[in-house]
Chemist: 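Sharing a structure below in structure tokens format, with a few things to ask.
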Amino acid sequence: MTLLRCPLPLDPGGCGDDCHILSSRVYLVKSPNRDRPQYWLFKLQEKENGEVVLHSLFLRRNSSAYGCLYPSLSLDLLNCQIFELAQEHVACYSEWSELFECISKSEERIGFMGLNKENNEYMILGKLSFNGLAMFRSVDKRWTELEIVYDSFFEGIVPFKGKFYAIDRTGKTTVVEPTLEVNTFQRSRPCDKTRKRWLVMSGDKLILVEMCTKSRYDFHIPKIREKKIWFEISELNEERNDWDQVEDMDGRVLFLEHYCTFSCLATEIPGFRANSIIFMDLWGVSNSYEHESILVYEFDEQEVRSLRDKPEYIELFPSPPGWVISNG
């Protein structure tokens, strides 16, 4: 696979022209055991040097960086069923820090839209080193800043039906056409309890996921069980340019990573409960090498639990199970 490059304008330190896209794919593997099928979720990422590394879903670590976690191994995938659930694209670049007078490496979320099967013609939407959103089109080989005032932080950027949708921390949604035409809208019934937002493709729908608490103090309580968190789900209404709140997720499970969001039907993985959300620890109070760092919210129970409290989910994360490792 050819590395996708999207050089940024040089910053005061002469950095940015090394900007490129790291691409990953999320897979679900089903074991060949028909009597008691087993499942495993994992991510493969192609690095800048062409090396393919195994990533832990929800934890920003990989096999090359943490050899003790993922030693060199062979995966016996020939006898398993494999399903691709999602693709992740992250922009990586160098930038100069005036404060510390040094060069640092940055990773930023982007919206990525492939225009052909090979993905060698593409469009990217992101903030990166710009003051606001900017679009890179491979045919032009340059970035174009969008002329609109933005909030400084975007919580979600996704492609949907040939357009980009981005939402900022004020709840404003920005719609960007491939022609660079821009429209914005605020939901007609905003929630003043929202602390964080995600945009997720769910089947043929685009949905907005909002994490809510009664007060900001509740959001920052260290103990997970005491946070009193709940989630609200809304579907995009393209005709009205609005978000319509819904009561369930059509029997799906949502996965909310930092750079990647996706969904699957609960029936695809026995043991999963419909209308549940799996997300990473946002507060950094859990041990990142343990199951406590992956959290589960079920709408029926209206509470947050760690993965350790859900034994039926533990085999899915994060280390390779024995049945998928080749003896060869």
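A quick note: this is a predicted structure, and the numbers were derived from the prediction, not measured.
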Chemist: Is the shortest distance from a Lys or Arg side-chain nitrogen in K127 or E145 to a carboxylate oxygen in the other one below 4.0 Å?
Modeler: no
Chemist: Looking at every heavy atom in both G251 and N275, which two are closest together, and how far apart are they?
Modeler: N-OD1, 3.6 Å
Chemist: So do the side chains of L254 and M249 get within less than 4.5 Å of each other, counting heavy atoms only?
Modeler: yes
Chemist: Do the side chains of E298 and R305 get close enough for a salt bridge, i.e. N-O under 4.0 angstrom?
Modeler: no
Chemist: Can you tell whether the side chains of K43 and E257 come within less than 4.0 Å, N to carboxylate O?
Modeler: yes
Chemist: Taking atom types as modelled, find out whether Q245 and W243 have a side-chain donor-acceptor pair closer than 3.5 angstrom.
Modeler: no
Chemist: Kindly state each residue pair satisfying salt bridge (charged side-chain N to carboxylate O under 4.0 Å, His left out) with at least one member in residues 246-255, sequence neighbours excluded.
Modeler: K205-D250
Chemist: Search all heavy atoms of K141 against all heavy atoms of S138 and return the closest pair with its distance.
Modeler: CG-O, 3.2 Å
Chemist: Going by heavy atoms in the side chains, are L199 and L208 under 4.5 Å from each other?
Modeler: yes
Chemist: Can you list every pair that meets salt bridge (charged side-chain N to carboxylate O under 4.0 Å, His left out) and has a residue in residues 5-16, with sequence neighbours left out?
Modeler: R5-E48
Chemist: Answer yes or no: is there a side-chain heavy-atom contact under 4.5 Å between C19 and C6?
Modeler: yes
Chemist: Taking all non-hydrogen atoms of both residues into account, name the closest pair between E95 and S106 and its distance.
Modeler: OE2-OG, 2.5 Å
Chemist: Decide yes or no on side-chain contact (heavy atoms from CB on, under 4.5 Å) for R197 and M211, but give the supporting numbers first.
Modeler: CA-CA 6 Å; R197 300 169 179 85; M211 178 187 287; over 6 Å; no
Chemist: Quick one: are the ring centres of Y297 and F279 less than 6.0 Å apart?
Modeler: no
Chemist: From the options K161, K163, R137, select the one residue that forms a salt bridge (Lys or Arg N to Asp or Glu O under 4.0 Å) with E177.
Modeler: K163
Chemist: Is it possible for you to say whether Y122 and V158 belong to one hydrophobic cluster, with membership spreading through side-chain heavy-atom contacts below 4.5 Å?
Modeler: no
Chemist: Do you know which two heavy atoms are closest between A91 and L128, and how far apart they sit?
Modeler: CB-CD2, 3.8 Å
Chemist: Do V29 and Y39 have side chains that approach each other closer than 4.5 Å (heavy atoms only, starting at C-beta)?
Modeler: no
Chemist: Using side-chain heavy atoms (C-beta onward) and a distance below 4.5 Å, is Y27 in contact with F83?
Modeler: no
Chemist: Apart from L99 itself, what residues make up its hydrophobic cluster when side-chain heavy atoms of I, L, V, M, F, W and Y under 4.5 Å apart count as a link, directly or indirectly?
Modeler: F100
Chemist: Would you please say whether a donor-acceptor pair under 3.5 Å links the side chains of R25 and S23?
Modeler: no
Chemist: Pairing donors with acceptors under 3.5 angstrom, does anything connect the side chains of N237 and N241?
Modeler: no
Chemist: Does I82 form a side-chain contact (heavy atoms from CB on, under 4.5 Å) with E84? I'd like the steps, not just the answer.
Modeler: CA-CA 7 Å; I82 306 173; E84 182 180 315; over 6 Å; no
Chemist: Could you walk me through whether D168 and T174 pass the side-chain contact (heavy atoms from CB on, under 4.5 Å) check?
Modeler: CA-CA 8 Å; D168 66 24; T174 300; 5.8 Å; no
Chemist: Check F112, W143, F130, Y93 against F136 for a ring pair (Phe, Tyr, Trp, His ring centres under 6.0 Å) and give me the one that passes.
Modeler: W143
Chemist: Say whether D242 and S188, considering side chains only, have a donor N or O and an acceptor N or O under 3.5 Å apart.
Modeler: yes
Chemist: Other than I103, which residues form its hydrophobic cluster under the rule that side-chain heavy atoms must be closer than 4.5 Å?
Modeler: W96
Chemist: Is there a path of hydrophobic side-chain contacts, each under 4.5 Å between heavy atoms of I, L, V, M, F, W or Y residues, that connects M201 with I167?
Modeler: yes
Chemist: I'd like to know if the side chain of K105 pairs up with that of S94 as donor and acceptor (distance under 3.5 Å, no hydrogens or angles considered).
Modeler: yes
Chemist: Which salt bridge (charged side-chain N to carboxylate O under 4.0 Å, His left out) pairs, counting each pair once, include a residue from residues 180-196, with sequence neighbours left out?
Modeler: R187-E210
Chemist: Pair D309, V296 - check side-chain contact (heavy atoms from CB on, under 4.5 Å), show working.
Modeler: CA-CA 9 Å; D309 297 325; V296 181; over 6 Å; no
Chemist: Kindly give the heavy-atom pair with the smallest separation between C80 and S31, and that separation in Å.
Modeler: SG-CA, 4.5 Å
Chemist: T267: what forms a side-chain contact (heavy atoms from CB on, under 4.5 Å) with it, not counting sequence neighbours?
Modeler: L265
Chemist: Indicate yes or no: at least one non-hydrogen side-chain atom of I233 is less than 4.5 angstrom from one of F299.
Modeler: yes
